[in-house]
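Contents: one structure, followed by commentary.
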Amino acid sequence: DQQVKQNSPSLSVQEGRISILNCDYTNSMFDYFLWYKKYPAEGPTFLISISSIKDKNEDGRFTVFLNKSAKHLSLHIVPSQPGDSAVYFCAASGGSGNTGKLIFGQGTTLQVKP
Amino acid sequence: EAEVAQSPRYKITEKSQAVAFWCDPISGHATLYWYRQILGQGPELLVQFQDESVVDDSQLPKDRFSAERLKGVDSTLKIQPAELGDSAMYLCASSFHATAPEKLFFGSGTQLSVL
């Protein structure tokens, strides 16, 4: 049972335009959501997070939106840069017996073309 | 900035051999995680430690995998015997504590290839 889903395996955008990456979850008890970025042969690096008490969090070019009723979150990157090309993972934590572990989606590969 | 250290970065082994991975979390981080990432999929938790105690090993294939964190600092993950399906990236992560929602810090991972 995939509790966190990223239904788009890949996304290609032009440099300077907006990139929108989407993520859906099924467990309504999740209360903390994160986005990680991963380059090949490296570990994931933290990008941005959001608590379930908020619906938006912004950090520079990165903004995460949370829609709890739809169990959906998205990451907006504006403007997109070639260095943003990587795999992006959505992750969630929370629920009964929460141990702090993160449950990850399958990832979306973003390609930003110059 | 402090980092999670992992070694080796790459490991090639033949099936039925034993392999071991090492992780040193960020100093002061009580919680340590081992994740496995298969190409094209997201990381999946294998085992979680709080200090030296196992908190969650429900997804660890215990017939062949073992993990320890004897002094509550660094940790070793072992596979014996390795199988072809074990080829993946093994990621170690740490966090200050597990009682409040917070981000995990990941190491660079060990890329395992089983031939």
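These values consider heavy atoms only, across backbone and side chains, with no hydrogens, waters or symmetry-generated copies. Here is the naming used below: chain letters follow the sequence lines, and residue numbers restart at 1 for every chain.
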| query | So which heavy atom on B:Tyr33 is nearest to which on A:Lys101, and how close? | reply | CE2-CA, 3.7 Å
| Crowded around A:Ile18 CD1? As in, over 12 foreign heavy atoms under 6.0 Å? | yes
| query | Would one find more than 12 heavy atoms of other residues, nucleotides or ligands at under 6.0 Å from atom NZ of A:Lys68? | reply | yes
| message | Counting only heavy atoms from other residues, nucleotides and ligands, does the tally under 6.0 Å from CZ of A:Arg17 exceed 12? | response | no
| In residues 32-44 of chain A, which residues are in contact with chain B at a heavy-atom separation under 4.5 Å? | A:Tyr32, A:Leu34, A:Tyr36, A:Lys38, A:Ala41, A:Glu42, A:Gly43, A:Pro44
| request: Can you tell which part of B:Glu44 gets under 4.5 Å to a heavy atom of chain A, answering side chain, backbone, both or neither? | output: neither
| request: Indicate, with yes or no, if B:Ile79 and B:Phe49 share a hydrophobic cluster defined by side-chain heavy-atom contacts under 4.5 Å among Ile, Leu, Val, Met, Phe, Trp and Tyr. | output: yes
| task | Heavy-atom distances under 4.5 Å only: say whether B:Gln111 touches chain A with side chain, backbone, both or neither. | result | neither
| query | Got a sec: does the NZ of B:Lys71 have more than 12 other heavy atoms crowding it under 6.0 Å? | reply | no
| What distance do B:Lys103 atom NZ and A:Ile48 atom CD1 have between them, rounded to the nearest 0.5 Å? | 11.0 Å
| field | Over 12 foreign heavy atoms within 6.0 Å of CD, B:Glu14 | value | no
| message | Taking CG in B:Leu39 as the centre, count heavy atoms belonging to other residues, nucleotides or ligands within less than 6.0 Å. Is the count above 12? | response | no
| remark: To the nearest 0.5 Å, atom CZ of A:Phe104 lies from atom CG of B:Leu104 at 6.5 Å
| said: Heavy-atom count check: over 12 atoms from other residues, nucleotides or ligands less than 6.0 Å from B:Gln80 CD? | reply: no
